[in-house]
Every structure is written in C-alpha cells, then in structure tokens.
Amino acid sequence: MPELPEVETVCRTIRSVVLNKQIASCQVNYPRLLPKNDLDQFVRDIQGRVIVDLKRRGKYIIFDLDSDLQLIVHLRMTGQLLFCPDSNESVTKHTSAILYFTDGSQLRFVDQRKFGTFYLLRPEQWHRVTGLHTLGVEPLAKEFTVEKLKELVKRPRNIKSLLLDQKCIAGLGNIYVDESLFRTGIHPQRQANSLTDTEITKLHVNIIQVLQEAIASQGTTIKDYRTGSGDTGYFQNKLLVYGKAGEPCVNCNQIIEKIRVAGRGTHYCPNCQRWDQECEA
DNA sequence: AGCTGTACCTGCAGGC
DNA sequence: TGCCTGCAGGTACAGC
C-alpha cells in the first residue's frame, strides 16, 4: 500500500487529532508488530506519554512523544493507522494494536498482512532500525536537486531498482517509480548511468510532480490503503501505467506491458519507453 | 556492489 | 463449488 504520498496523507489526516493527546494505555494483539521492543516494556514505556509532534521520514511515521521517546511506525504493505473519535466503534478483524487516549478516543493499527512494524525508541537509537538510519534523500525536500539525482544515477545498476532503493531516495515505491519513468519516457530496465542529462533533469521534475499530485489526491487506493480518517485516496484514477497492462497508452495507443524488474511487477509503454531511447518522451 | 530468491502474512483472482 | 497457483503498494537477509 503505502508509498510517500500515502504515508504523508496518513500523517496529515491524523496530525491535528492526535497532537497533545496523552496515551492512557496500549493494547497489542499481534506481538510481532514490535520486532525491536519487548512487549511488556513497550506497553509500560508508552503509557502516559503525550504526543508532541508527528512527522514523516521516507515511509516511516514518527510520533514524537514527551520524555524524549519516539513511536516509529512502518505500514509496509497493508498497514492502516485509523483515528477513532468514538471508542464504541467495533474493532475489525486485523486490528494489530490500539492506542487508547485519555480523552476516550483511539488510534488503531489495522494490518491485514501483518508486515507492519512499531518501534519505541529514543532519537539516538535509530541505528537499531535497519532501513531507518540509512534512508536517502527526501524527494520533496530542497536537498533533492538535479545535481543530487545526477550523483545517485552514476552507479551501474538498473534505474528502477535504484529508484526503489530507500537508501538512495526515501519514499518512492512501485507505483510512483513506474509512473515517474513513464512520464519521463525511460525504460525501467535502463542502466542508471546511461541516462542523459536531459533525461535526469526531466526525471527529477517528474518524480517531484507525481508525488505532489498524488498527495493532492490523498494517495492511491488500489485495495487496502486508507487515510487516517478511513477514506480512500483517489490518485488511482490518475495513474497512467501502473495497473494498466493490456490497455492502450494515453500518449501513443500502444498496449501497456507488464514485466518483472527488480522482483516487482513493472508497467511501461514499449513505445514511449524504448530501451534504446535517450531523450524522447 | 548489485542481483536473485526467499521470507514475513493474508486474501483474492484466475485456471481447471 | 472447491482446490491450486500466483500475485499484491515493502523490506531484510542470504548467497552468488
């Protein structure tokens, strides 16, 4: 489910309603949700904490708590963070955890595939979470410049796997990589270091634009993703290649193909994204 | 260093 | 209808 736009939307939709709330208690129904925390200690440590800030880094959601603690949440494939103002709302089947606030409201973590993870850490303990302390540049931050992208693509590896690599750019996933490459006219199996300066410049713009547009649409709901209010996103209506295999390309009418790249289903237009194409789109 | 396969889970679609 | 296979928005890890 969640890539940068979805995680950002979840943060935005729950931020105002959880800020300054105090956690009365926490119920964990699926202990493996806490790979780096002892369950009993987690429940003990989080009890009584107040949420003082909420932010996103890559696909991680970071709750700043008082006492210098952070609750760090990764939704993985199917995780949902849902704010429930009404505690009477029935608990659904895949609810892995519930944070109970002192005012009677709740924040629930629902996760059909159970890949999602919670960590309760101090900021200096980020090194304990593989993937968190190695995150690359935030694509919507000013640090993500064309020069930065040029530097990243110097390596001899395929462009799709590079864009999916969270150590390079934090937050892109399968949907937005496919969409960015389509908008730029780059074949997903091209070697990153074969991209021309023109292509890199266009790719840089397209990555930023597709992410911004997706955030404006509250993310992409293929199946499970919901905002923090339980609503679907609607960027799925604006996708151009992801999930469009067998359909005609919006630019040229050629049939969109689906192949496997970097172990992921990959959608592209064989005409607009030619293997040997350098600067057309 | 990069690539591949496997693993973690559940549910769903498609083929027979 | 049921069984089986493969696949899904993510990522860590082992092994080549």
Side-chain angles (χ1 to χ4, degrees), chain A residues 1-10 29-36 56-61 72-81 92-97 109-119 126-136 151-181 188-194 210-211 214-215 217-227 232-246 258-267:
Chain A
M1 134 198 185
E3 306 181 30
L4 187 153
E6 290 75 36
V7 177
E8 178 66 25
T9 302
V10 169
N29 300 325
Y30 183 68
R32 291 176 70 173
L33 172 67
L34 311 164
K36 306 279 177 179
R56 178 191 60 75
R57 174 78 174 99
K59 298 172 194 170
Y60 292 85
I61 297 168
I72 299 180
V73 176
H74 198 303
L75 307 173
R76 306 283 165 162
M77 297 284 267
T78 56
Q80 305 172 349
L81 272 180
T92 55
K93 183 176 173 189
H94 299 291
T95 305
S96 290
F109 186 67
V110 177
D111 187 15
Q112 179 185 99
R113 289 176 72 181
K114 299 185 166 76
F115 292 162
T117 41
F118 275 26
Y119 312 95
W126 276 29
H127 66 274
R128 287 172 54 187
V129 181
T130 319
L132 179 60
H133 71 290
T134 54
L135 283 175
E151 187 190 312
L152 288 171
V153 300
K154 276 181 186 164
R155 301 193 163 283
R157 60 188 289 194
N158 113 16
I159 185 63
K160 170 143 184 177
S161 102
L162 184 146
L163 295 177
L164 285 172
D165 187 345
Q166 303 299 298
K167 295 190 286 300
C168 295
I169 301 175
L172 290 180
N174 206 29
I175 295 178
Y176 300 109
V177 167
D178 279 6
E179 293 295 310
S180 300
L181 289 174
Q189 287 173 309
R190 282 270 300 279
Q191 284 292 106
N193 60 6
S194 78
V210 78
L211 293 175
I215 290 171
S217 294
Q218 312 241 83
T220 299
T221 299
I222 301 296
K223 185 171 176 291
D224 301 289
Y225 161 70
R226 296 293 184 276
T227 73
T232 63
Y234 46 96
F235 196 72
Q236 62 277 11
N237 301 320
K238 302 177 185 177
L239 296 173
L240 301 180
V241 280
Y242 184 88
K244 304 292 183 190
K258 183 175 180 184
I259 58 174
R260 190 151 287 266
V261 181
R264 317 296 301 279
T266 298
H267 316 73

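The chains referred to below are lettered A, B, ... by the order of the sequence lines, with proteins before strands, and numbering in each begins at 1.
- The two residues A:Gly131 and A:Tyr60 come nearest to each other via the heavy atoms C-OH, 3.5 Å.
- An aromatic stacking contact links A:Phe115 with the base of C:dG10, defined here by ring centres under 5.5 Å apart and ring planes under 30° from parallel.
- No contact: A:Tyr176 has no heavy atom under 4.0 Å from any strand.
- The CG atom of A:Asp111 sits 15 Å away from the P atom of C:dG9 (whole-angstrom rounding).
- Nearest-nucleotide mapping onto DNA chain C: of A:Lys36 and A:Gln112, the residue sitting toward the 5' end is A:Gln112.
- If you take CG on A:Asn158 and OG1 on A:Thr266, they are separated by 8.5 Å, rounding to the nearest 0.5 Å.
- Positionally, the nearest nucleotide of DNA chain C for A:Gly265 lies more toward the 5' end than for the other of A:Lys59 and A:Gly265.
- Distance from the side chain of A:Arg260 is smallest for C:dC7 among the nucleotides C:dG10, B:dT10, C:dC7.
- For the pair A:Met77 CE and B:dA7 P, the computed distance is 16 Å after rounding to whole Å.
- If you check every strand for non-hydrogen atoms under 4.0 Å, A:Phe235 touches nothing.
- Atoms CG (A:Leu152) and C1' (B:dA1) sit 15 Å apart, rounded to a whole Å.
- Side-chain nitrogen and oxygen atoms of A:Gln166 include none within less than 4.0 Å of the OP1 or OP2 phosphate oxygen of C:dG10.
- Phosphate contact (OP1/OP2 of B:dG11, side-chain N/O of A:His94, threshold under 4.0 Å): present.
- Close to C:dG10, at under 4.0 Å from its OP1 or OP2, lies a side-chain N or O of A:Arg264.
- B:dG2 atom P lies 13 Å from atom CG of A:Leu163, rounded to whole Å.
- Contact annotation: A:Arg157 side-chain N/O to B:dC3 OP1/OP2 distance is under 4.0 Å.
- In the set C:dA8, B:dG11, B:dC8, the nucleotide with an atom closest to the side chain of A:Arg32 is B:dC8.
- Atom name C1', nucleotides B:dG5 and C:dG6: the rounded distance is 16 Å, in whole Å.
- Distances shown here put every side-chain N or O of A:Arg226 at or beyond 4.0 Å from the OP1 or OP2 atom of C:dG9.
- On the P atoms, C:dG10 is 24 Å away from B:dA1, given to the nearest whole Å.
- Between A:His74 and C:dG10 there is no side-chain N or O to OP1 or OP2 distance below 4.0 Å.
- Nearest heavy-atom pair, A:Thr220 versus A:Tyr225, reported as atom, atom and distance to 0.1 Å: O-CD2, 3.4 Å.
- Considering every non-hydrogen atom in both A:Thr9 and A:Thr227, the closest pair reads CG2-CG2, 3.7 Å.
- We find that NZ of A:Lys223 is positioned 15 Å from C1' of C:dG10, with the value rounded to whole Å.
- Pair check for B:dG15 finds C:dC3; Watson-Crick or G-U wobble, both atom distances under 3.5 Å.
- Separation of the P atoms belonging to B:dC8 and C:dC3 is 24 Å when rounded to the nearest angstrom.
- B:dG2 and C:dG9: their P atoms are spaced 23 Å apart (whole Å).
- An OP1 or OP2 oxygen of C:dC7 is reached within less than 4.0 angstrom by no side-chain nitrogen or oxygen of A:Lys258.
- The shortest distance between the side-chain N/O atoms of A:Thr78 and the OP1/OP2 oxygens of C:dG9 is not below 4.0 Å.
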Take A:Asp165 and A:Arg157 through the salt bridge (charged side-chain N to carboxylate O under 4.0 Å, His left out) test and state the conclusion after the steps. CA-CA 11 Å; A:Asp165 187 345; A:Arg157 60 188 289 194; 3.0 Å; yes
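- Taking atom CD1 on A:Ile159 and atom P on B:dC3, their separation rounds to 11 Å, with Å as the unit.
- Across all strands shown, A:Asn158 has heavy atoms under 4.0 Å from sugar-phosphate atoms exclusively, and none from any base.
- Comparing C:dA12, C:dG9, B:dT10 against the side chain of A:Tyr60 picks out C:dA12 as the nearest.
- A distance-only check finds a donor-acceptor pair linking the side chain of A:Gln166 to the backbone of A:Leu164 [under 3.5 Å].
- Contact between the side-chain N/O atoms of A:Tyr30 and the OP1/OP2 oxygens of B:dC9 is found at a separation under 4.0 Å.
- Pair assignment for C:dG9: none, as no Watson-Crick or G-U wobble contacts are both less than 3.5 Å.
- The only member of A:His267, A:Lys160, A:Glu179, A:Glu3 that meets side chain to side chain donor-acceptor pair (under 3.5 Å) when paired with A:Asn174 is A:Lys160.
- When rounded to the nearest whole Å, the span between NZ of A:Lys160 and P of B:dT4 equals 13 Å.
- Atom CD1 in A:Ile61 sits about 14 Å away from atom P in C:dG10, given to the nearest Å.
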